[in-house]
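Residue numbers start from 1 in every chain, and the chains themselves are labelled A, B, ... in the order their sequence lines are given, proteins ahead of strands.
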Protein chains: 2
Amino acid sequence: MTTMLEVAKRAGVSKATVSRVLSGNGYVGQETRERVFKAIEESGYRPNLLARNLAAKTTQTLGLVVTNTLYHGVYFSELLFHAARMTEDRGRQLILADGKHSADEERQAIQYLLDLRCDAIVIYPRFLSVDEIDTIIDGHTQPIMVLNRRLRKNSSHCVYCDQKSTSLAAVETLLAQGHRDIAFITGSLDSPTGNERLSGYREALERHGVAVRNELIVEGKWTPASGSAGVATLLERGVRFSALVASNDDMAIGAISQLHGSGIAVPEQVSVIGFDDIAIAPYTVPPLASVKIPVTEMIKETINRLIFMLDGGEFTTQPAFIGELILRGSVSHGPHI
Amino acid sequence: MTTMLEVAKRAGVSKATVSRVLSGNGYVGQETRERVFKAIEESGYRPNLLARNLAAKTTQTLGLVVTNTLYHGVYFSELLFHAARMTEDRGRQLILADGKHSADEERQAIQYLLDLRCDAIVIYPRFLSVDEIDTIIDGHTQPIMVLNRRLRKNSSHCVYCDQKSTSLAAVETLLAQGHRDIAFITGSLDSPTGNERLSGYREALERHGVAVRNELIVEGKWTPASGSAGVATLLERGVRFSALVASNDDMAIGAISQLHGSGIAVPEQVSVIGFDDIAIAPYTVPPLASVKIPVTEMIKETINRLIFMLDGGEFTTQPAFIGELILRGSVSHGPHI
DNA sequence: TTGTATGCGTTATCAG
DNA sequence: CTGATAACGCATACAA
C-alpha cells in the first residue's frame, strides 16, 4: 500500500502539504496542489482511514445496533435502508453491528462500535432494559439514541412510537362501527411492543364499556404461521367474532389465509386490521385497514438528533410518534356474528 | 477515554506489559497479570481499535457491499444474517457498505471498505461488469469474493448459482407433465439474473421442440405488483396458458393473487412455479412448486474461501450451485387450457 | 505558502 | 519475565 510519505516524495513536498491538499485545510499553492494530485494519481494512493481517524479523533461514522431477530422481513430492510441513506446524506457512514439475541450480545455490539470509535450510536434494543440503557447513555460521552423505547431518564435520547395509543385508536375505529366481538392476536409477549399493543386493545374495550374476554385473545409470535395458528385456535374455541386485530402484518396475512381456508369471507364476515409496519407487505387479500408505523420519519428524527448533538446541540423535547390508521376500503361494517 | 498508558501507570508496569496481557502474546507473571486486570477494571479501560488495527496491520473485519435495491425483502435479510453469523463464527466482524444504485456507487463502497482496511471483501454486485470486477480483484492484495456473478478470469473468486440451468430444470418439469402453453414473467431485464432465468425458459422449450411465443412472455420488476400486472397483461392479450413461471416469489404471489381475482383457479386451471429464493415467503396460496436458491450455502462457501485465502490458501476449483425444485404438491397436471 | 516536529493509542522488536 | 523504543499512517500546531 502506498502511503502519504511516498506521494510526498514523488511530488517533491512534505507529508504535511499532501495532507493539506487532501483535507482542504490550510493554504497550498495552485501549482503544488497540482503536482500533489498528479503524484496521487500516478501512485494510486489511498488514505488509510485507520490512521486518519486515529489522528483526527473522529471517524465520521454512526453505529447501529439491531437484534438479528429483526433481520427477517421488510421492517428491518426499511430501517436499514433509511438509516444508511440519512447518515450518508449527512456526510457520514453507517456501521452495523449485530445485537444477536440476548441482552449480553446487545451490550457487546454497542461496545464494539464504541471501541471502533464511532462518533455516535443508534440502538434498536430488544433485550436491554430501559434502565440499563439509561446507564449506558450516562456512562459515555458519545451521543447515543434509542429507537422504539421510552427512556425514563434520558428522555430526549429516544424516539418511539406510542404503540398503546396507536393500538387503542385502531380498536376504537372498530368499536365505532358497531363491532363488539373483537378478537386479538398478540405479538410475542416478551417484547414491549407486543405488550403495549395488547394493552391498547384492552383499554379501548374498557373505555367503551365492552368486557375484555380472554377467549378472544390469542398469543402470536409475529410470524404468518402464528397468525394462522391464532385463527385456528379461535375457531377451535368456538368463539364468535366480527372483527380481528392482528398485532402485525405478517400475522394478519396468516390470519386471513386461515379464515379463507375455513370458508370465512373477509371482510364480509370478519373485518381484519393489521399493523402495517412498512406498508409494502405482499398481501393477497389485504386487511380492511392497517396501522402504519412511521419508521422512516422516526429514523430521520433519530439521525438528525444525533448529528445535532455531535455539533454540541442539546435537546429538551421528547419526540413521540403515533401510528396512522390506513383504510383500504370502508370500515362501515356492523357486527357479522 | 482512558488509554493503555494510564492503565500501565495505575498497575505500575509499562504499556508493553499491558499489551501483552491483553493480547495473550508473550510471557507475563501471574501476579503482574492480576494487577493489570485490576487496573483495567478500575479504570474502565477500553482498547482503541483504530490504534490497535493500525499497529497490528489487520482489522479482523470482512467488508460486504450490497446494492440497496436488494434491501427490500427477505432475500437481503437472509443474506446479511448468514454473512454476519458466519463471519463472527470465524472471529471476525462484518462491515456493510451500501452499493446504492449505480456502478460508480458500487465502486465507492468497495473503495471505502478497502480504505477502512478490511482484511477481505465480499461483493454482491448489481451494476459492475464482470470485467471490471476482475480488474478490481487483480488490482488489490486483499482477497475479494463475488457473489452471484460468474467471473471470467478469477473464476475461483466467485460463488454463483447457475440461474439458467435452474430455470431450465423448472420449465422442463412442467414440460414433462404435458404442459405446452407455459407463460413466463421475467425479472428486471437489466439484471443478469433476470436474463439468465429467461434464457433457461427459452432453452427448455427449444430442447423439447416447443415454439417460444413472445406473447407468453411479460416483463416484470421483481415486485408483487409487477407479478399482478404481468398476469393482467397476459389476460388482456387473450393468450391461453396452463402453466406460469414467475422469476421470483414476490411476483408469483402477485400473479396468483391476480389469477384468483380473475376467477382462475390455482392450481386447478393454472400451475404456478416461483423462484423461492429464501423459502419463507408469506404465501396465502402457495405456488405449485418453487425453485429454492441455496443462499445460505453460497454465503458459507464465500466466507470460508475468503478466510482460507487470508490464511494464505489458494483455490483452483470454481464452486457452482444450482437451485433445487421444491414441490408443494403434485405437479402431475395435464394442460388445462 | 511550506516544512518540521509532535502526538494519536497500539503492537512488536530488542535488549536486559 | 519486563521495559524502552521504534514503527503504524496521518493530522496539526508551530515555525520559517
(request) Find out whether B:Arg152 and B:Asp134 are in side-chain contact, i.e. whether some heavy atom of one side chain is under 4.5 Å from a heavy atom of the other. (result)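 They are in side-chain contact.
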At less than 4.0 Å, is any side-chain N or O atom of [X] found next to OP1 or OP2 of [N]? Yes or no.
| X | N | result |
| --- | --- | --- |
| A:Tyr45 | D:dC10 | yes |
| A:Asn25 | D:dT12 | yes |
| B:Lys57 | D:dG9 | yes |
| B:Ser14 | D:dG3 | yes |

(request) Using whole Å, report how far CG of B:Leu50 lies from C1' of C:dT11. (result)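 Going from CG in B:Leu50 over to C1' in C:dT11 covers 14 Å.
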(request) Specify the separation, in whole Å, of atom NZ of A:Lys15 and atom P of C:dT6. (result)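 Rounded to the whole Å, the gap is 12 Å.
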(request) Could you check whether B:Thr32 gets within reach of a base, just the sugar-phosphate, or nothing at all, counting any heavy atom under 4.0 Å? (result)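 Counting heavy atoms under 4.0 Å across all strands, the contact made by B:Thr32 is with sugar-phosphate only.
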(message) By the definition salt bridge (Lys or Arg N to Asp or Glu O under 4.0 Å), identify the one residue from B:Glu42, B:Glu41, B:Glu34 that meets it with B:Lys38.
(response)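 Passing option: B:Glu42.
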(request) State whether B:Phe315 and B:Arg305 meet the cation-pi test: NZ (Lys) or CZ (Arg) under 6.0 Å from the six-membered ring centroid, and within 45° of the perpendicular axis. (result)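 Satisfied, under 6.0 Å and within 45°.
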(request) Between A:Ala56 and B:Gln30, just flag the one whose closest nucleotide in DNA chain D comes earlier from the 5' side. (result)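 Here B:Gln30 is the residue nearer the 5' end.
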(request) Between B:Ala51 and B:Ala16, just flag the one whose closest nucleotide in DNA chain D comes earlier from the 5' side. (result)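 Final value for this comparison: B:Ala16.
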(message) Side chain of A:Met4, heavy atoms from C-beta onward: which of C:dT2, D:dA6, D:dA11 has the nearest atom to it?
(response)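 Per side-chain heavy atoms of A:Met4, the pick is D:dA11.
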(request) Could you please name the option among C:dT4, D:dC8, D:dC10 that lies closest to any side-chain atom of B:Leu54? (result)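 Closest nucleotide among those given: D:dC8.
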(request) Hey, which sits more toward the 5' end of DNA chain C by its nearest nucleotide, B:Arg20 or B:Ala55? (result)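 Upstream on the strand: B:Ala55.
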